[in-house]
Amino acid sequence: MKERLSRIDQVPKDYRPGYEPGDYGTGIVHLGPGSFFKAHLAAFTDELIEKQGGDWRILSVSLRSRKTMEELVPQNGLYTLIAKSAEGRHCRVIGALADAICSADNPEPALAAMAARTTKIVSLTVTEKAYGLDRMVTGCDPEHPAVAADLLNPEEPRGVLGLITRALKLRREAKLPAFAVLCCDNLPENGRLLRGAVIDFAQRVDKDLARWIAGNAAFPSTMVDRITPAPNEDTRREAAEAIGVQDSAAVETEGFRQWVIEDHFPQGRPDWDVVGAIFTKDVSSFETMKLRMLNGSHSMLAYAGFHAGCKYVRDVMSDAALANLVKRHLDAASKTLRPIEGIDYSEYADCLIERFRNPAIAHETFQIAMDGSEKMPQRILSAVSDARAAGVDIRPFAFATAAWIRHVSASTHDCPAYEIRDPKADELKKLAKGRHSIDIVAALRRLQFVPGSVRADDEFWSIVNPLLNDMLTKPMTDAIARETLQPEISL
Ligand code: CS2
């Protein structure tokens, strides 16, 4: 099969979007068009346009790599989304992308699009590490490489904060209203964090602009959820078999999806609620639930599972001992949360277990293990003080922390050499490699990203230490087996 996807009339009727993509204009510029964006924001928007039209198609902007642009442009932005659940497989070609560009070599086209009158929303899925946030002060980190470069040269920005600030400046000069900035990364109160970082960045380059942004731009927070493994050759083959033409940009995902959005869009917004999103005043409880339950147990199972030889999350779930640790973690995490009206945390936990078990989803533990220094605070460490306040056992969080440190130690005592993918990989490796657990723990708890209350919690680290010692000297499977003998685990 040689022909490549580029027009919807090539696609069998069942898999086509029910609208003519060219009939609708662009209202959203999206930074960071990875697989998650293609399976989530773009999919919601596609279904919404099918239901009620609207000039809400999306221009995608890659910040670093040209790959996504090179895959999408020859296909006129079209790609296949394959959703796999217990009920079977559902394929659909998504028509919501109007175009794809890359701003790495030249930010002008991206800035022009962000500054266009028609752009109402700039959305982002760039991963936690790309922002350059200083979470302690809700500002920007001037030492983050992209932030540092953009502060030196704010007219030719390359990073997220630089691009948003510059585009808002252009809008202000053109007397256009500010766009809403919609952060869709797994960060707690992601809108508030990003707002603080953008305003701090702007203050360093133009104080008046910073004031204008503070008074005019909206930064709604969101909770986003859809498990989306990295696509591979099988994904592309499956897509081609379904639609009958080649598709280099196909992605696969699970059936489940959730999106809770703070309803603050002064320039208007798509009615994403028509296709299942929830608009609300306060997203933070949903965010904490998802970060601590889904993402927290994901991180724990990724570190423990990867070192126990489980390539995929589904393999972790078919190991009785590990599956029990996942259940223990979900239970402990749920008890650190404030109640949310209409949500039953034990039902949510059951649903997560089903999703993790999904045999059709090949989600690599190694993929989730990436960037732990950016993920551990909101997923695991922030739960510790709430667990204490609620009288909940802190051991599950200590176990997850030990497993993470074991991972960043790069120790090969029970596995072949592997890469540590983390913006702080060098610092963490230096701190953890070849040292005794007690020294590692002493150094690690002082790191800036560890919340103050956890740093000071001697008992917490006294649980981490022997667990880590075991994990660094014996096979991970032994540590897991011993952990399941803990009294609160019923096998
Ligand atoms: C995962 C998330 O890679 C990871 O760290 O925990 O990407 C997770 O799959 C999504 O947040 C699910 O919505």
With a 6.0 Å cut-off (strictly less than), is the heavy-atom count around CD of Glu173, excluding the residue itself, greater than 12? yes
Leu163 and Leu63, any side-chain heavy atoms less than 4.5 Å apart: yes
Is there a donor-acceptor pair under 3.5 Å between the side chain of Glu254 and the backbone N or O of Ile361? no
State, yes or no, whether a side-chain contact exists between Phe37 and Val251 at a heavy-atom distance under 4.5 Å. no
Pairwise side-chain contact, Arg338 with Ser284, heavy-atom cut-off 4.5 Å (strictly under): yes
Under the ring pair (Phe, Tyr, Trp, His ring centres under 6.0 Å) test against Phe306, which residue among His298, His407, His363 passes? His407
Taking side chain as C-beta onward, heavy atoms only, is Glu252 less than 4.5 Å from Pro231? no
Distance-only, no hydrogens or angles: does the Asn216 side chain make a donor-acceptor pair with backbone N or O of Trp212 under 3.5 Å? yes
Should the ring pair Trp272 and Phe279 be called parallel, tilted or perpendicular, given that the plane angle runs from 0 to 90° and is split at 30 and 60? parallel
Any chance you could measure Leu182, atom CG, to His264, atom NE2, to the nearest 0.5 Å? 12.0 Å
Evaluation steps, side chain to side chain contact (heavy atoms under 4.5 Å, CB included), between Val384 and Thr401: CA-CA 11 Å; Val384 175; Thr401 305; over 6 Å; no
Separation between CD (Gln258) and NZ (Lys290), nearest 0.5 Å, reads 9.0 Å
Apply side chain to side chain contact (heavy atoms under 4.5 Å, CB included) to residues Phe399 and Met471 and explain how you reach the verdict. CA-CA 10 Å; Phe399 181 83; Met471 292 177 190; 3.5 Å; yes
Are Arg92 and Asp46 packed together at the side-chain level, in the sense that at least one heavy-atom pair is separated by less than 4.5 angstrom? yes
Could you check whether Asp206 pairs with Arg204 (Lys NZ or Arg NE/NH1/NH2 to Asp/Glu carboxylate O, under 4.0 Å)? no
Between Arg211 and Asp208, is there a salt bridge with N-O shorter than 4.0 Å? yes
Check whether any side-chain heavy atom of Leu151 sits under 4.5 Å from a side-chain heavy atom of Val205, and report yes or no. yes
Under 6.0 Å between ring centres, would you say that holds for Phe44 and His40? yes
Euclidean distance, Ile440 CD1 relative to Arg435 CZ, rounded to 0.5 Å: 7.0 Å
Cation-pi between Arg445 and Phe460: NZ/CZ under 6.0 Å from ring centre and within 45° of the ring axis? no
Ignoring hydrogens and geometry, is there a side-chain-to-backbone donor-acceptor pair from Asp185 to Val126 under 3.5 Å? yes
So CD1 of Ile227 and CZ of Phe256: to nearest 0.5 Å the spacing works out to 8.5 Å
In sequence, state the C-alpha distance, the side-chain angles, and the governing distance for Asp55 and Thr118, and then conclude on side chain to side chain contact (heavy atoms under 4.5 Å, CB included). CA-CA 9 Å; Asp55 290 331; Thr118 44; over 6 Å; no
Between the main-chain N or O of Phe366 and the side-chain N or O of Arg421, is there a donor-acceptor pair closer than 3.5 Å? yes
I'd like to know if Arg192 and Glu262 make a salt bridge, using a cut-off of under 4.0 Å between side-chain N and carboxylate O. no
With a cut-off of 6.0 Å (strictly less than), are more than 12 heavy atoms of other residues, nucleotides or ligands near CD of Glu155? no
Any idea which heavy atoms bring Ala178 and Leu168 closest together, and the distance? CB-CD2, 3.8 Å
Pair Arg328 + Asp393: basic N to acidic O under 4.0 Å: no
Under 4.0 Å between a side-chain nitrogen and a carboxylate oxygen: does that hold for Asp426 and Lys430? no
Carboxylate-amine/guanidinium contact Asp105 Arg66, below 4.0 Å: yes
To check you understand the geometry: which heavy-atom pair defines the closest contact between Phe449 and Lys424, and what is its length? CE2-CD, 4.0 Å
With side chain to side chain contact (heavy atoms under 4.5 Å, CB included) as the test, would you mind laying out the steps for Leu187 and Leu194 before giving the verdict? CA-CA 10 Å; Leu187 285 157; Leu194 183 52; over 6 Å; no
Main-chain N/O of Ala115 paired to Thr119 side chain as donor or acceptor, under 3.5 Å: no
Heavy-atom check, side chain of Met114 versus side chain of Val61, under 4.5 Å: no
Please name the pair of heavy atoms, one in Leu81 and one in Ala43, separated by the smallest distance, quoted to 0.1 Å. CD2-CB, 3.7 Å
If every non-hydrogen atom of Lys129 is compared with every non-hydrogen atom of Glu374, which pair is closest and at what distance? CA-CD, 3.6 Å
Check whether any side-chain N or O of Lys375 sits under 3.5 Å from a backbone N or O of Ile368 as a donor-acceptor pair, and report yes or no. yes
Quick one: does Arg57's side chain have a donor or acceptor within less than 3.5 Å of a partner on Asp99's backbone? no
Do other residues, nucleotides or ligands put more than 12 heavy atoms under 6.0 Å from Ile438 CD1? no
Separation between NZ (Lys433) and CD1 (Ile420), nearest 0.5 Å, reads 8.0 Å
Does the Tyr303 side chain pair with the main chain of Ala369, one donor and one acceptor, at a distance under 3.5 Å? yes
May I ask you to say whether Glu189 pairs ionically with Arg195, meaning some side-chain N is under 4.0 Å from a carboxylate O? no
Run the side chain to side chain donor-acceptor pair (under 3.5 Å) check on Asn232 and Thr235 step by step: do they pass? CA-CA 5 Å; Asn232 55 31; Thr235 318; 3.1 Å; yes
Arg406 (side chain) donor-acceptor with Leu467 (main chain) under 3.5 angstrom: no
Can you find a pair of side-chain heavy atoms, one from Lys169 and one from Thr165, that are under 4.5 Å apart? no
Closest non-hydrogen contact found for Cys140 with Asp134 is O-CB, 3.6 Å
Distance check, rounded to the nearest 0.5 Å: Asp386 atom CG versus Ile394 atom CD1? 12.5 Å
With Met223 as reference, evaluate Asn186, Ile278, Leu294, Val260 under the side-chain contact (heavy atoms from CB on, under 4.5 Å) test and give the passing residue. Val260
Using a strict threshold of under 4.0 Å (side-chain N to carboxylate O), is an ion pair present between Glu47 and Lys51? no
Please determine which of Ser334, Pro188, Ser382 meets the side-chain contact (heavy atoms from CB on, under 4.5 Å) test together with Arg292. Ser382
Heavy-atom closest pair (Pro229 atom, Ala362 atom, distance to 0.1 Å) is CB-O, 3.4 Å
If we ignore hydrogens and angles and just use 3.5 Å, is the side chain of Thr228 paired with the main-chain N or O of Arg226 as donor and acceptor? yes
